[in-house]
Amino acid sequence: YLNEALTLEAIKAVEKSVADRKPFYLYLAHYAIHAPREKDDRFYQKYVDAGLKPAEAIIASMVESMDKSLGDLMAAFARLGVADNTIILFMSDNGAPRDSPPNLPLRGQKLSPYEGGARVPMLAKWPGVVKPGTICRHPVIIEDIFPTILELAGTSWRDQVLQRVDGQSFVPLLKKPEETTSDRPFVWHFPHHYSRQTPFSSMRVGEWKLIYHHVDRRMELFNLATDLSEKNDLAAHEPQRVRELAVKLAALLKDRGAQMPTDKQSGQVVPRPDGRQD
């Protein structure tokens with residue numbers, strides 16, 4: 001099974017680094033749990049015997065397969081004597097697809113602008129620094145992993161990288177997860193059609209979330225502190241906040257050179273959230 005094959009190869013690479021007395025960086029991105037959904041025969045039958053439908057049992061076997069992969073890696077670190085000197089970051093890249101049950105109470109699923117599409121958990125293991133069972137409620141984004149790893153390794157992207165880096169190191173949050181952070185904007189930009197999802201740009205600042213739908217230029221505004229399920233659109237009640245966030249989102253998109261889609265009927269480029277096209 002692919003998860004097991006990739007894990008075996010990963011362990012071999014770690015073993016070689018340890019034997020050569022060299023530090024290692026292992027990036028392991030499993031295809032599971034993702035289409036095509038294929039059962040792991042090591043675990044599938046017990047879920048069928050437990051009463052799950054075949055499709056459910058397949059997914060359950062894939063989840064356990066991925067879980068076993070991480071367990072096997074951690075066991076290898078312990079066997080090789082590097083467990084106390086190895087940092088592990090574990091996360092998903094997006095929410096569940098549309099043909100899977102939604103992650104309630106979150107609204108939406110993979111590709112959507114709502115929290116069910118973008119909000120995922122992340123786990124971190126840093127022996128001697130991150131206390132087991134600690135919970136950090138401050139958001140980070142996947143772009144943050146790159147500068148974080150460089151800081152953990154004792155260097156800085158500013159010393160090593162020529163291109164622009166959008167992420168920020170979350171090492172301070174690993175050390176002090178209870179500390180508050182500034183209202184840093186998080187931006188998602190999806191300027192194309194895919195499956196049933198239409199183009200959008202969205203931004204979260206603090207607990208406020210603005211969504212700009214490119215097709216009809218519609219804005220949605222949600223307060224995630226009081227409305228995690230994004231059921232209550234406040235755009236009509238908070239026009240000034242919508243405008244302020246739209247201007248901020250447009251400036252960030254322009255600053256990063258983000259492309260906007262073209263309206264096929266008019267032939268015109270869709271304006272950014274502030275109404276500008278320059």
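Quick caveat: nothing in here was measured; it's all calculated off a predicted structure.
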Give the table of side-chain donor-acceptor pairs shorter than 3.5 Å for residues 26-33, with sequence neighbours excluded, one pair per line with atom names and distance.
unit_1	atom_1	unit_2	atom_2	d
His30	ND1	Asn3	OD1	3.2
His30	NE2	Ser69	OG	2.7

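Between atom CG of residue Leu8 and atom CG of residue Leu73 there is a gap of 9.5 Å, rounded to the nearest 0.5 Å. Interatomic distance, Lys68 NZ to Thr7 OG1, rounded to the nearest 0.5 Å: 8.0 Å. Atoms CE and CZ, from Met62 and Arg37 in turn, are 7.5 Å apart once rounded to the nearest 0.5 Å. One finds the CE atom of Met66 at 4.5 Å from the CZ atom of Phe90 (value rounded to the nearest 0.5 Å). Between the OG atom in Ser169 and the CG atom in Leu152 there is a gap of 6.5 Å [rounded to 0.5 Å]. Rounded to the nearest 0.5 Å, atoms OH (Tyr44) and CD (Glu38) are 13.0 Å apart.
Residue Gln259 qualifies as open at atom CD: its count of foreign heavy atoms under 6.0 Å is 12 or below. Within 6.0 Å of atom CZ in Arg79, more than 12 heavy atoms from other residues, nucleotides or ligands are found, so the atom counts as buried in its surroundings. In the displayed structure, Asn85 atom CG is contacted under 6.0 Å by at most 12 heavy atoms of other residues, nucleotides or ligands. Within 6.0 Å of atom OH in Tyr25, more than 12 heavy atoms from other residues, nucleotides or ligands are found, so the atom counts as buried in its surroundings. With a 6.0 Å radius and a threshold of 12 heavy atoms from other residues, nucleotides or ligands, Lys46 has its NZ atom above the threshold.
Within the 4.5 Å cutoff, side-chain heavy atoms of Ile141 are placed close to those of Trp188. Side chains of Val242 and Leu210 form a contact here, defined as non-hydrogen atoms less than 4.5 Å apart. Counting heavy atoms from C-beta on, the side chains of Pro273 and Leu253 come closer than 4.5 Å. Under the 4.5 Å side-chain criterion, counting only non-hydrogen atoms from C-beta, Glu64 is not in contact with Arg42. Using a 4.5 Å cut-off on side-chain heavy atoms (C-beta onward), Lys125 and Leu70 make no contact. The shortest distance between side-chain heavy atoms of Lys175 and Trp126 falls below 4.5 Å. For the pair Met122 and Val120, the minimum side-chain heavy-atom distance is 4.5 Å or more. Residues Asn223 and Glu238 have side chains not in contact (no heavy-atom distance under 4.5 Å, counting atoms from C-beta outward).
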Item to check | salt bridge (charged side-chain N to carboxylate O under 4.0 Å, His left out) between Glu244 and Arg241, intermediate numbers included | outcome: CA-CA 5 Å; Glu244 291 173 356; Arg241 191 181 301 275; 5.7 Å; no
Next on the checklist: Apply side-chain contact (heavy atoms from CB on, under 4.5 Å) to residues Leu89 and Phe170 and explain how you reach the verdict.
Outcome noted: CA-CA 12 Å; Leu89 301 176; Phe170 52 78; 4.2 Å; yes
Item to check | Check against salt bridge (charged side-chain N to carboxylate O under 4.0 Å, His left out), Lys248 and Asp183 | outcome: CA-CA 12 Å; Lys248 187 177 187 68; Asp183 285 343; over 6 Å; no
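With sequence neighbours excluded, the residues that form a side-chain contact (heavy atoms from CB on, under 4.5 Å) with Ala83 are Phe77, Ala78. Scored by the side-chain contact (heavy atoms from CB on, under 4.5 Å) test, Pro191 finds His189, His214, Pro261 as partners (sequence neighbours excluded). Asp278 meets the side-chain contact (heavy atoms from CB on, under 4.5 Å) test with Lys254, Arg272, Arg276; sequence neighbours excluded. Residues passing the side-chain contact (heavy atoms from CB on, under 4.5 Å) test with Asn232, sequence neighbours excluded: Asp227, Leu234.
When all heavy atoms of Asn103 and Ala96 are compared, the closest pair comes out as ND2-N, 3.9 Å. Contact between Ser65 and Phe43 at its shortest, heavy atoms only, is CA-CE1, 3.7 Å. Residue Val48 comes nearest to Ala57 through the heavy atom pair CG2-CB, 3.7 Å, listed as atom of the first residue, atom of the second, then distance. Closest approach of Pro97 and Gln109 over heavy atoms only: O-NE2, 2.8 Å. Nearest heavy atoms, Met203 versus Leu252: SD-CD1, 3.9 Å. Residue Thr134 comes nearest to Pro177 through the heavy atom pair CG2-CG, 3.3 Å, listed as atom of the first residue, atom of the second, then distance.
Relative orientation of the Phe222 and Tyr114 rings is perpendicular, given thresholds of 30° and 60° on the angle between their planes.
Ionic pairing of Lys12 and Glu9 is present here: one or more N-O contacts between side-chain nitrogen and carboxylate oxygen are shorter than 4.0 angstrom.
Residue pairs meeting the salt bridge (charged side-chain N to carboxylate O under 4.0 Å, His left out) criterion with at least one partner in residues 186-213, sequence neighbours excluded, are Glu115-Lys209, Arg204-Glu207, Lys209-Glu230.
Side-chain atoms of Asp144 come within 3.5 Å of backbone atoms of Gln168 as a donor-acceptor pair (strictly under, hydrogens ignored). The closest donor-acceptor contact from the side chain of Thr262 to the backbone of Lys264 lies at 3.5 Å or more, if one exists at all. Under a 3.5 Å cut-off, the side chain of Gln197 and the backbone N or O of Tyr194 do not form any donor-acceptor pair.
Ile87 is connected to Ile145 through a chain of hydrophobic side-chain contacts under 4.5 Å among Ile, Leu, Val, Met, Phe, Trp and Tyr, so both are in one cluster. Under the 4.5 Å side-chain contact rule for hydrophobic residues, Leu245 and Val247 do not share a cluster. Under the 4.5 Å side-chain contact rule for hydrophobic residues, Phe186 and Tyr212 do not share a cluster. There is a path of hydrophobic side-chain contacts, each under 4.5 Å, that joins Leu221 to Met219. Follow the hydrophobic side-chain contacts under 4.5 Å out from Val215 and you never reach Ile211; the two are in separate clusters.
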